[in-house]
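Working notes for the structure below.
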Amino acid sequence: MTARDDILARVRGALAHADTSPVTVARGYRTDTRGDLDLFLERVEDYKAVVVRCSADEVEARIAEALPDGARVVVPPGLPWHVEGAVVDDGLTSAELDGVAAVVTGATCGIAVTGTIVLSHGPGEGRRAATLVPDLHVCVVRADQVVADVPDAVAVLDPSRPQTWISGPSATSDIELDRVEGVHGPRTLHVIVAG
């Protein structure tokens, strides 16, 4: 008998005496969602993102303020806000996207507890490459899209669609814990919360 066979025999022996009845797991997630928008704003700021709150009719002005003067900007098809001078992404190549300074998108939802923004890459959110290559991502999240926690977000997401979960600007650390931003995504995340 090999060591592997011995270990597996012990596991089988232990399981033979185990209670195999189904286990009920309590799903008592928090039910008090008051203040979720404020918590979302706080958590997004904690990730070193720029956060601006405005009314729904101020979104286009806030987008314009977030973009550098004269910058090349790409927007996804179906973006509900007008961005002056922006190019609509019609399948731009990686090299073409690399020449763009910023992308402006909408979002599917924002998660208050984690400060995470989720894109499901539908109309107005763009494809993944367009949201990861430009150095600046300006993302508009409507206040009514902010949910309390991850289970609430999963409940509104379509599992058949691709998703990108964004928690702040792209960042990584080397072995000496020196933080480097923009290695595998936008160096700057600018979040506009409308409503």
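Numbers here simply count residues along the sequence, with the first being 1. If you're wondering where the values come from, they're calculated on a predicted model, not measured in any experiment.
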Any Val140 side-chain heavy atom under 4.5 Å of Trp81 side chain = yes

Measure the shortest side-chain to side-chain distance between Val133 and Ser94 over non-hydrogen atoms and say whether it is less than 4.5 angstrom.
-> no

Side-chain contact test, heavy atoms from C-beta onward, threshold under 4.5 Å: evaluate it for His137 versus His190 and give yes or no.
-> no

Nearest heavy-atom approach of Arg43 to Thr114 is CB-C, 4.1 Å

Which pair of heavy atoms, one from Ala102 and one from Leu67, lies closest together, and at what distance?
-> CB-CD2, 3.7 Å

Let me see the working for Val75 and Val103 under side chain to side chain contact (heavy atoms under 4.5 Å, CB included), right down to the final yes or no.
-> CA-CA 6 Å; Val75 296; Val103 60; over 6 Å; no

Step by step, would you call Val141 with Val191 a side chain to side chain contact (heavy atoms under 4.5 Å, CB included)?
-> CA-CA 7 Å; Val141 181; Val191 180; 4.2 Å; yes

Give the C-alpha distance, both sets of side-chain angles, the deciding distance and a yes or no for side chain to side chain contact (heavy atoms under 4.5 Å, CB included) between Gln163 and His121.
-> CA-CA 7 Å; Gln163 300 170 11; His121 303 287; 5.7 Å; no

Contact check, side chains of Leu119 and Ile166, non-hydrogen atoms, under 4.5 Å = yes

How about Pro76 and Asp89: do any of their side-chain heavy atoms sit closer than 4.5 Å?
-> no

Nearest-0.5 Å distance, OG of residue Ser120 to CG of residue Leu157 = 6.5 Å

Do any N or O atoms from the side chain of Arg72 and from the backbone of Ala101 form a donor-acceptor pair under 3.5 angstrom?
-> no

Check Val138 against Ala66 and note the closest heavy-atom contact, atom names and distance.
-> CG2-CB, 4.0 Å

For the atom pair CD1 (Ile7) and OG1 (Thr2), what is the distance rounded to the nearest 0.5 Å?
-> 8.5 Å

Shared hydrophobic cluster for Val88 and Val83 (ILVMFWY, side-chain gaps under 4.5 Å) = yes

Does Val51 share a hydrophobic cluster with Leu136, counting links as ILVMFWY side-chain heavy atoms below 4.5 Å and allowing steps through other members?
-> no

Which atom names give the shortest non-hydrogen contact between Ala153 and Trp165, and what distance separates them?
-> CB-CH2, 4.5 Å

Pairwise distance CD1(Ile63) to SG(Cys139) - rounded to 0.5 angstrom = 10.0 Å

What are the two closest heavy atoms between Ile111 and Ala148, and how far apart are they?
-> CG2-O, 4.1 Å

Answer with yes or no whether the side chains of Thr108 and Glu125 bring together a donor and an acceptor at under 3.5 Å.
-> yes

What closest approach, in Å, do Ala107 and Ile117 show between heavy atoms, and which atom pair accounts for it?
-> CB-CG2, 3.7 Å

Are the side chains of Leu92 and Arg127 in touch, meaning some heavy atoms are under 4.5 Å apart?
-> yes

Are the side chains of Val59 and Cys54 in touch, meaning some heavy atoms are under 4.5 Å apart?
-> yes

Which value, rounded to the nearest 0.5 Å, describes the distance between His17 atom NE2 and Arg12 atom CZ?
-> 14.0 Å

Do Val150 and Val118 share a hydrophobic cluster, counting only Ile, Leu, Val, Met, Phe, Trp and Tyr and linking them when any side-chain heavy atoms are less than 4.5 Å apart?
-> yes

About how many Å separate CG of Asp6 and CE of Met1, when rounded to the nearest 0.5 Å?
-> 6.0 Å

Can you tell me how far CD of Glu96 sits from CG of Asp98, rounded to the nearest 0.5 angstrom?
-> 11.0 Å

Regarding Thr131 and Thr105, is there a side-chain donor-to-acceptor distance under 3.5 Å anywhere?
-> no

Do Val193 and Val52 come close enough that some side-chain heavy atom pair is under 4.5 Å?
-> no

